[in-house]
Amino acid sequence: MNLNTFLLLLLALIAAYGLSYYQYFYKNKTKNKVNLLLALLRFFSVFGILVLLINPKITRNTFETNKTPLPIVVDNSSSIVDLKANAMAIELYKKLNTNADLKEKFEIQSYQFDNEFELSENFDFKGTQTNLEQVAKSLKSIHKNKTFPTVLITDGNQTSGNDYVFTFDTNNKVFPLVLGDTTTILDVKIVQLNVNKYAFQKNKFPVEVFLQYTGNKSITTNFSISQGNSILNKQQIAFSSSKRSAIVKLLLPADKIGLQIFKAAVTSNAIEKNTYNNNKNFAVEVIDQKSEIAIISAINHPDLGALKRAIETNAQRKVTLIKPNENKSLENYNVLILYQPTSAFKSVFDANKNARINTFIITGNNTDFVFLNQQQNNLAFKMSGQSEDYLAELDTQFNLFAIDDIGFNNFPPLQNAFGTITKSSNIEVLLSSKIRNIPTAMPLLAFAENQGQRTAFLLGENFWKWRLQSHIDNASFEKFDVFIDKTIQYLGTNNSKKSLVVNHESFYNSGDAIEITAQYFNKNYEFDEKARLSISVVNKKTKQTKNYDLLKGTNAYKANLDGLSAGQYTFVVKELTSNATYSGFFEILDFDIEKQFVNPDLNKLKQLALQTQGKVFMPNQLNQLIKNLLENPNYKAVQKAIIKKVPLIDSILLLILIVIALACEWFVRKYNGML
């Protein structure tokens, strides 16, 4: 309390005394007990009010000791059990956590990690992934701007996340306690396998396999890829102390439609401690690309033969030539190619309004452009009766599908009627036209999409000359045929909108996050945030059914199916209000990434210790680690003085007493007839 406050309190005391004296004793010669009581009550109430106004405060000093945090982080992944080090991990943790000297110097904090990082003092070593990067990020977030050591009890084998060596804060030392036998054990394993998730039938798909060898002697291994009882590829690979890795690249045939399961395996005559990592299953979904294409033309032209040969280069495509007046069901075809349409094509256009089949319209000198304007609104034609030669120029901004420049600038010109072509806003141009190298700003090959129906326009005839020129330039029709195939593939894709759209993988590895997402759209194709979606999952072998609700996220509904065992599953997603459904399937492959290790990753842990200026310790060096931590002068407790200014008197209590004093004064005066 400072001097000013003391003087104010003294003045308040004098003022309260003077006011009570003046009211009850000044010019009042009768000094009875009632006046004395009333004067005391008045003195207390006035003095209390003045004290509330002054609000005197006193300063209190307290001291707080902040110890340096010591995170003890234990690897809770199942690889610790596979390395037979789980008992050692618990023993090391208990010795550190109960050490009296460490407790006196540090604030010990216990954490565990696998794929997640969390506070824990009990460990079950059942984690299916190991993410050391998450440890580094979490400790940085928890202890910002602090200097502290970290004891990391782990085998150092990471299965997810980025490289942890350079993620930890270099200003804070990390002391890894290495779990597992560091003795080099002979082991051959499949480290990684790369393969596309999808392949087209009757094509070949690439597979890339990375093999790794640990050992000191030379051995010869047998590598194979099989499907069921059939071996698709087999070869011998030699390893030695100088050759410890190999990459196998091969092509496998995609003969069967659907999800195909394969097995990669590497074996040797040497005795291995861990053979689980010698095998790896993988899956590829083979898609049926087979499609029926109808070329509809009222005239004969070399373009028709060139187009048929280019399309049928892909064995999955079959082309049928028909006349526009032939009564054939359009539903049998995936793509319609309308070559130089005239009024004779009216029945075809009318039938396709209901069938909604994607079309490829090719114009030329025989095209009826007035009729064509009546049948579509993507391009507006104002053409004369004269023909013109149009050269092609590739638009590099085209992005509907990937396309290479096959030499369009060198191709002969296409013939079409001379005039003006106006495109609508939804047109994407792949090739624009030129007349004698002067750009016309008009399309030559363009694509449009309206309500899920796709249309392509090639505005010129004699493109058989393009195929011939491509053969002259490249000694092969391949590049031109691939160009046509990509165009047909784009048109052959059904992109019609559905109210319920579900996204999922065809296969998952055991231990991976299994998440299925769905979107439900209302009749205006707007995302419906009030939809109620559920999913029913059935194990095909055991017939066991599990039901889940899909929870709404930012722009999709999600269901987490973690915990399902390996096997094949079918599922149905249902919107409960509209009863819209989606059926699908997936397979969980029996693969545990945590069982791939036979040794701790000592080199990585040494790099981490070097990067953070820490040190690696073995379990039998625990006492040295404790001594290192205790003797380190950088980790000292910090004592802080906390100065608090608190009110001298509780204002609420004083206010209550003032009210009581005034009330008592009033009742006494009333009782004695002094009011």
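Positions are given from 1, in the same order as the sequence printed here.
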Judged by modelled atom types alone, do [X] and [Y] share a side-chain donor-acceptor pair under 3.5 Å?
X: Tyr520; Y: Ser578; answer: yes
X: Asn194; Y: Gln192; answer: yes
X: Gln386; Y: Ser384; answer: no
X: Ser424; Y: Asn426; answer: yes
X: Thr167; Y: Glu133; answer: no

For [Y], does its backbone N or O pair with a side-chain atom of [X] as donor and acceptor, under 3.5 Å?
X: Asn278; Y: Val266; answer: yes
X: Gln415; Y: Gly364; answer: no
X: Asn334; Y: Glu292; answer: yes
X: Asn196; Y: Tyr198; answer: no
X: Thr455; Y: Ala448; answer: no
X: Trp466; Y: Pro412; answer: yes
X: Gln235; Y: Asn222; answer: no
X: Ser230; Y: Ser226; answer: no
X: Asn539; Y: Lys541; answer: yes
X: Lys280; Y: Asn277; answer: no

Looking only at non-hydrogen atoms, find the nearest pair between [X] and [Y] and report the distance.
X: Ala344; Y: Ser347; answer: O-OG, 4.3 Å
X: Trp464; Y: Pro302; answer: CD1-CB, 3.7 Å
X: Thr359; Y: Leu491; answer: O-CD2, 3.8 Å
X: Leu431; Y: Leu394; answer: CD2-CA, 3.8 Å
X: Asn416; Y: Met383; answer: ND2-CE, 4.1 Å

For atom [atom1] of [X], decide whether the heavy atoms of other residues, nucleotides or ligands shown that lie under 6.0 angstrom number more than 12.
X: Lys552; atom1: NZ; answer: yes
X: Lys486; atom1: NZ; answer: yes
X: Phe418; atom1: CZ; answer: no
X: Lys243; atom1: NZ; answer: yes
X: Asn547; atom1: CG; answer: yes
X: Glu515; atom1: CD; answer: yes

*Does the cation-pi check pass for Arg309 over Phe477, that is, NZ or CZ under 6.0 Å from the six-membered ring centre and within 45° of its axis?*
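No - Arg309 does not lie over the ring of Phe477 by the 6.0 Å and 45° rule.
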
*With His504 as reference, evaluate Phe585, Tyr569, Phe571 under the ring-ring contact (aromatic ring centres under 6.0 Å, His included) test and give the passing residue.*
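Among the candidates, only Phe571 passes.
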
Charged N to carboxylate O below 4.0 Å: is that the case for [X] and [Y]?
X: Glu388; Y: Arg436; result: yes
X: Glu208; Y: Lys249; result: yes
X: Arg317; Y: Asp485; result: yes

*Decide side-chain contact (heavy atoms from CB on, under 4.5 Å) for Val248 and Leu211; before the verdict, give the C-alpha distance in whole Å, the side-chain angles of both, and the deciding distance to 0.1 Å.*
CA-CA 8 Å; Val248 180; Leu211 305 176; 4.1 Å; yes

Flag side-chain contact, heavy atom, 4.5 Å: [X] against [Y]:
X: Phe210; Y: Ile190; answer: no
X: Ile484; Y: Ile311; answer: yes
X: His301; Y: Asn462; answer: yes
X: Thr363; Y: Leu458; answer: no
X: Phe457; Y: Leu445; answer: no
X: Ser432; Y: Leu444; answer: no
X: Asn233; Y: Ser224; answer: no
X: Ile257; Y: Ile287; answer: no

*side-chain hydrogen bond (donor to acceptor under 3.5 Å, both in side chains) evaluation trace for Asp368 with Thr342*: CA-CA 5 Å; Asp368 186 343; Thr342 61; over 6 Å; no

*Do any pairs count as a ring-ring contact (aromatic ring centres under 6.0 Å, His included) and have a residue in residues 422-441, sequence neighbours left out, and if so which ones?*
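Applying ring-ring contact (aromatic ring centres under 6.0 Å, His included) to every pair that reaches into residues 422-441, excluding sequence neighbours, yields nothing.
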
*Ring centres under 6.0 angstrom apart (Phe360, Tyr339)*: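 Aromatic pair excluded; centres sit 6.0 Å or further apart.
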
_Between Phe408 and Phe480, is the ring centroid distance below 6.0 Å?_
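No, the ring of Phe408 stays outside the 6.0 Å limit from the ring of Phe480, centre to centre.
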
Distance-only donor-acceptor hits, side chain of residues 373-382, under 3.5 Å, sequence neighbours excluded:
{"from": "Asn373", "atom 1": "OD1", "to": "Phe381", "atom 2": "N", "distance (Å)": "2.9"}
{"from": "Asn373", "atom 1": "ND2", "to": "Phe369", "atom 2": "O", "distance (Å)": "3.3"}
{"from": "Asn373", "atom 1": "ND2", "to": "Phe381", "atom 2": "O", "distance (Å)": "2.8"}
{"from": "Gln376", "atom 1": "OE1", "to": "Asn378", "atom 2": "N", "distance (Å)": "2.9"}
{"from": "Gln376", "atom 1": "OE1", "to": "Leu379", "atom 2": "N", "distance (Å)": "3.0"}
{"from": "Gln376", "atom 1": "NE2", "to": "Leu372", "atom 2": "O", "distance (Å)": "3.3"}
{"from": "Gln376", "atom 1": "NE2", "to": "Leu379", "atom 2": "O", "distance (Å)": "2.8"}
{"from": "Asn378", "atom 1": "OD1", "to": "Asn450", "atom 2": "ND2", "distance (Å)": "2.8"}

*Show your working on side-chain contact (heavy atoms from CB on, under 4.5 Å) between Ile514 and Ile588 and close with a plain yes or no.*
CA-CA 9 Å; Ile514 303 174; Ile588 301 177; 3.4 Å; yes

_Can you classify the ring geometry of Phe349 versus Phe371 as parallel (below 30°), tilted (30 to 60°) or perpendicular (above 60°)?_
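Correct class here is perpendicular.
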
*Can you label the angle between the Phe447 ring and the Phe398 ring as parallel, tilted or perpendicular, going by 30° and 60°?*
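Ring orientation of Phe447 relative to Phe398: tilted.
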
*Please report the C-alpha distance between Ile362 and Ile337 in whole Å, then the side-chain angles of each, then the deciding distance to 0.1 Å, and finally whether the side-chain contact (heavy atoms from CB on, under 4.5 Å) criterion is met.*
CA-CA 7 Å; Ile362 302 173; Ile337 300 178; 3.9 Å; yes

*Yes or no on side-chain hydrogen bond (donor to acceptor under 3.5 Å, both in side chains) for Asn579 and Glu575, after CA distance, side-chain angles and deciding distance?*
CA-CA 5 Å; Asn579 290 326; Glu575 204 286 313; over 6 Å; no

*Report the C-alpha separation of Asp549 and Arg532 in whole Å, then their side-chain angles, then the decisive distance to 0.1 Å, and conclude whether the salt bridge (Lys or Arg N to Asp or Glu O under 4.0 Å) test is met.*
CA-CA 8 Å; Asp549 289 328; Arg532 295 186 300 143; over 6 Å; no

*Evaluate salt bridge (Lys or Arg N to Asp or Glu O under 4.0 Å) for Glu505 paired with Lys197, printing each intermediate quantity in order.*
CA-CA 9 Å; Glu505 300 292 341; Lys197 294 180 180 179; 3.0 Å; yes

*Among Tyr582, Tyr557, Tyr548, Phe586, whose side-chain contact (heavy atoms from CB on, under 4.5 Å) with Ile516 holds?*
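Exactly one pass, corresponding to Phe586.
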
